[in-house]
Amino acid sequence: MDRDGFVSACLHGRFCLYNSSMSIADNITVIRERLLKAAARVGRNPDSITLMAVSKTVEAERIQEAYAAGLRVFGENRVQEYGDKATALSGMKEAEWHLIGHLQSNKAKKAAELFQAVDSVDSLRLAEKLNQAAEQAAKVLSVLIEIKVSAEESKAGIPVDSPELEELLRAAPNLIHLQVRGLMTVPPFTEDAEGARPYFRMLRDLRDRIAARQWPRIQMDVLSMGMSHDFAVAIEEGSTCVRVGTAIFGSRPKPAA
Ligand SMILES: *Cc1c(COP(=O)(O)O)cnc(C)c1O
């Protein structure tokens, strides 16, 4: 249980508080209350925190329910999947679509056309491809740099304080069709949400150090961290965007093995 008394093991579907008798709108109400409480605990303005609905694997109709409940920022993991759903979702005029999953360079063009933001930029090569693609699409794409905060092999992202990160920060001011807005991370999963706290701190600390260097054209306003089971801890550690899927839409089908 976390400190609000919520069972935080929804990912495993064992004791899921966000059960099927609750509607998407009910789930969002519960999450908003927890978001407000977490912000209040650390004296933060809740308006500085975006609740992103992670709608990967969720069908269009249910995504529209989240929109009707007031959410405006949506995260999808795969270019192809969102491409297939985009027409059905085109009625959500005020929605902002972010790509939050790993992007292969060869899909940069499609991604730049479909999304307003790519929150998972994890190499200079990808940033260069996206910059070209955004130029062709005549737009400026918002991007976050995805940071790998743990040694876990399975996690994407650029290591903290690595030469690769330095290289990307140096190049970014010249990639004028990209606007770097901040950092994103996915910490290692721990049963107890508290386990993520040191990783969230690490990301905030890195953000502060990059911001202090005042790179031209690089903004460091956004800290995208925190998911269904640990978003309250992430807010306490300074998150400005929590990416919540399961707690809004219920558990996802297991990916095929
Ligand atoms: C799926 C996903 C989320 C949402 O995870 P939940 O645990 O369902 O809230 C957040 N961020 C990324 C990058 C994801 O892939």
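If you read the sequence from its start, that first residue is 1, and numbering goes on from there. Just so you know, ligand 1 is whichever comes first in the structure, and atom 1 is the first atom listed for that ligand. Since the model is a prediction, treat every value here as computed from it, not as a measurement.
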Could you give the distance from CD (Q132) to CG (L175), rounded to the nearest 0.5 Å?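 Taking CD in Q132 and CG in L175, the distance rounds to 9.5 Å.
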So if I count the atoms of ligand 1 from 1 in the order they appear, which ones are less than 4.0 Å from some heavy atom of [X]?
X: I100; answer: 11 (N), 12 (C), 13 (C), 14 (C)
X: R243; answer: 4 (C), 9 (O), 10 (C), 11 (N), 12 (C), 13 (C)
X: T246; answer: 6 (P), 7 (O), 8 (O), 9 (O)
X: V244; answer: 9 (O)

Which one of K85, H98, K56 satisfies the side chain to side chain donor-acceptor pair (under 3.5 Å) criterion with E76?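 When K85, H98, K56 are each tested with E76, the side chain to side chain donor-acceptor pair (under 3.5 Å) holds only for K85.
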Using the six-membered ring of Y67, assess whether NZ or CZ of R72 lies under 6.0 Å from its centre and within 45 degrees of the ring axis.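 Ring-cation test returns yes.
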Run through R207, R204, R44, R41 and flag the one making a salt bridge (charged side-chain N to carboxylate O under 4.0 Å, His left out) with E237.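 For E237, the salt bridge (charged side-chain N to carboxylate O under 4.0 Å, His left out) test succeeds with only one of R207, R204, R44, R41, which is R204.
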Look only at interatomic distance and state if G245 has a nitrogen or oxygen under 3.5 Å from any nitrogen or oxygen of ligand 1.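 Yes: some nitrogen or oxygen of G245 is under 3.5 Å from one in ligand 1.
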Using heavy-atom distances, let me know which of G250, G75, S228 sits nearest atom 9 (O) of ligand 1.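 Nearest option to atom 9 (O) of ligand 1, by heavy atoms: S228.
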If we set the cut-off at 4.0 Å for heavy atoms, which region of R252 has an atom near ligand 1: side chain, backbone, both, or neither?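 Side chain only.
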Taking 4.0 angstrom as the limit, do D205 and R201 come out as a salt bridge?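 Judged by the 4.0 Å cut-off on N to carboxylate O distance, D205 and R201 do not form a salt bridge.
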For K107, is the NZ atom crowded, meaning more than 12 foreign heavy atoms sit under 6.0 Å from it?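 Open: at most 12 neighbouring heavy atoms sit under 6.0 Å from NZ of K107.
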